[in-house]
Amino acid sequence: MSRIVGHLDLDYFYAQVEELEDPALKSKPVLVCVYSGRTEESGVVSTSNYKAREHGVRSGMPIALAKRALAGVDSAFIPMVHSKYELYSDRVMETLRSKVDVLEQTGIDEAFFDVTKLTGGDYGKASALAREIKREILSDEGLTCSIGIGPNKVVAKIASAFNKPDGLTVVREGDVAGFLSEMPADRIYGVGPKTAKILEEKGITTIAGLSKATADSLSSALGRRLAVYLHNAAQGIDDDPVVDRAEATQLSRMITLKHDTNDVEQITRELSPAVRDLQEKLAAKNLFFRNVSAIGISTDLSLHTKSKTLEAPTNDLGVLETEVEELFEALLLEVGDLRRAGVRASDLKDMQDQSSLTEFTG
DNA sequence: GTATGCTTTCGGC
DNA sequence: TTACGGCCGAAAGCATAC
């Protein structure tokens, strides 16, 4: 039986939550912002409602630029409170999980789901189920979402973005080619600005254009793997399964430094609360780490990292702090002043079932 | 050649 | 005129082992 896959996306999520908690916001542009703390308004827009987007506001835009776009317009600039959105997200995902065969959460506001067994491959049933899911999320949480249904993840994801907000788009197998053909190539997941530019240089701007290109002809510019994926995706072919993802594979924390600096002591001092927060998060999730990274963003916003794999997994704060300091010492020999700094723990091990540390400490 | 492991960078939201 | 976060997963690139 061929698959039926869905993709659900909570509409302009953070801003919608803010509207929900303060309905008076609905009448004006709402911008949920990450304030970096460096100056009064340094930071970026994380999400905005559609009223803000009408004025040209976009995710990732510097706050100062958004202020200019909205000069003279009554607007709400709201600091992002991630933990708040997480509570809504967790409840929505729990609801969704209970109504599908398999759920694969891919972000705080989106998830793929497989309903092949539940619907017996019947698109009519899948469509009715999607409407029911939308209704339930709205009545339980007061949130709207957009859902796409199709034969695989690539099609479902494009479908969920096709009609937003509060949309539902069902693309049956026979309709895939027609649905995709006129779309710009960058609607395909994996085609961002860089890949889109490379494709454009080859005269490819639409999915139809992409579907005519062979994987070989794309390979040298994009790499074999991406070339094959895009060649298939453009024809609506994608056998990537919907999988219930277990634990996170990495956890990280980033901060913006008060001032650009190359001084290890200054950087580790400012980063220290973030390092502790990361360790607490790991401990709360019963996770040990075996790999530690220092992350630096230079004044020109370029990214630099140094990482180290430990002999054995640990969750010790002292070890984490020591490794972070050493990694930054090495990193700072190779780069100039940093604007932002971060720490990442990866190669995580779930210690839930570990009754003692003897396995790792001998 | 292929699998595997590790570090660094990229892309998406 | 410039302006600029904090996460995540995964790919790329390279080395080693068989």
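The basis for the numbers below is simple: all heavy atoms, side chains too, and nothing from hydrogens, waters or symmetry mates. Just so it is clear, the model here is predicted, and its values are computed rather than measured. Every chain is numbered from 1, with letters handed out A, B, ... down the list of sequences.
In the hydrophobic clustering of this structure, Ile149(A) does not group with Val242(A); members are Ile, Leu, Val, Met, Phe, Trp, Tyr whose side-chain heavy atoms approach within less than 4.5 Å, directly or through other members.
Between Arg38(A) and the phosphate of dG5(C), there is no side-chain N or O to OP1/OP2 separation shorter than 4.0 Å. Distances shorter than 4.0 Å separate some side-chain N or O of Thr249(A) from OP1 or OP2 on dG9(C). Within the structure, a side-chain polar atom (N or O) of Arg340(A) is placed less than 4.0 Å from OP1 or OP2 of dG6(C). Here Ser252(A) reaches the OP1 or OP2 of dC8(C): one of its side-chain N or O atoms lies under 4.0 Å away.
Residue-level contact check: His304(A) touches the backbone only, with heavy atoms under 4.0 Å from sugar-phosphate atoms and none from bases. Heavy atoms of Phe13(A) sit nowhere under 4.0 angstrom from any nucleic acid atom. Among the atoms of the strands shown, only primed sugar atoms or phosphate atoms (P, OP1, OP2) are found under 4.0 Å from some heavy atom of Ile255(A). Residue-level contact check: Lys157(A) touches the backbone only, with heavy atoms under 4.0 Å from sugar-phosphate atoms and none from bases. Base engagement by Thr305(A) is indicated by at least one non-hydrogen atom pair under 4.0 Å involving a base atom. Residue-level contact check: Ser42(A) touches the backbone only, with heavy atoms under 4.0 Å from sugar-phosphate atoms and none from bases. As judged by a 4.0 angstrom heavy-atom cut-off over every strand, Val292(A) is placed among residues making no nucleic acid contact. Within the nucleic acid shown, Leu251(A) comes within 4.0 Å of sugar-phosphate atoms alone, with no base atom in reach, counting heavy atoms only. No contact: Glu41(A) has no heavy atom under 4.0 Å from any strand. Contacts of Thr256(A) with the nucleic acid, taken as non-hydrogen atoms under 4.0 Å apart, involve only primed sugar atoms and P, OP1 or OP2. As judged by a 4.0 angstrom heavy-atom cut-off over every strand, Gly107(A) is placed among residues making no nucleic acid contact.
Ion pairing between Arg339(A) and Asp300(A) fails under the 4.0 Å rule for side-chain N and carboxylate O. Using a 4.0 Å cut-off between charged nitrogen and carboxylate oxygen, Lys157(A) and Asp9(A) do not count as a salt-bridge pair. Taking the charged nitrogens against the carboxylate oxygens, Asp240(A) and Lys153(A) do have a contact shorter than 4.0 Å, which makes a salt bridge. Under 4.0 Å is where a charged nitrogen must lie from a carboxylate oxygen, and between Arg38(A) and Asp260(A) at least one such pair does. Under the 4.0 Å criterion applied to side-chain N and carboxylate O atoms, Asp101(A) and Lys117(A) are not assigned as salt-bridge partners.
Nucleotides of DNA chain B that come within less than 4.0 Å of any heavy atom of chain A span, from the 5' end to the 3' end, dC6(B) to dC13(B).
Arg68(A) contributes a side-chain N or O that forms a donor-acceptor pair with the base of dT2(C) under 3.5 Å.
Comparing Arg344(A) and Leu226(A), the nucleotide of DNA chain C nearest to each residue sits closer to the 5' end for Arg344(A).
Under the 6.0 Å distance and 45° angle rule, Arg91(A) counts as a cation-pi partner of Tyr88(A).
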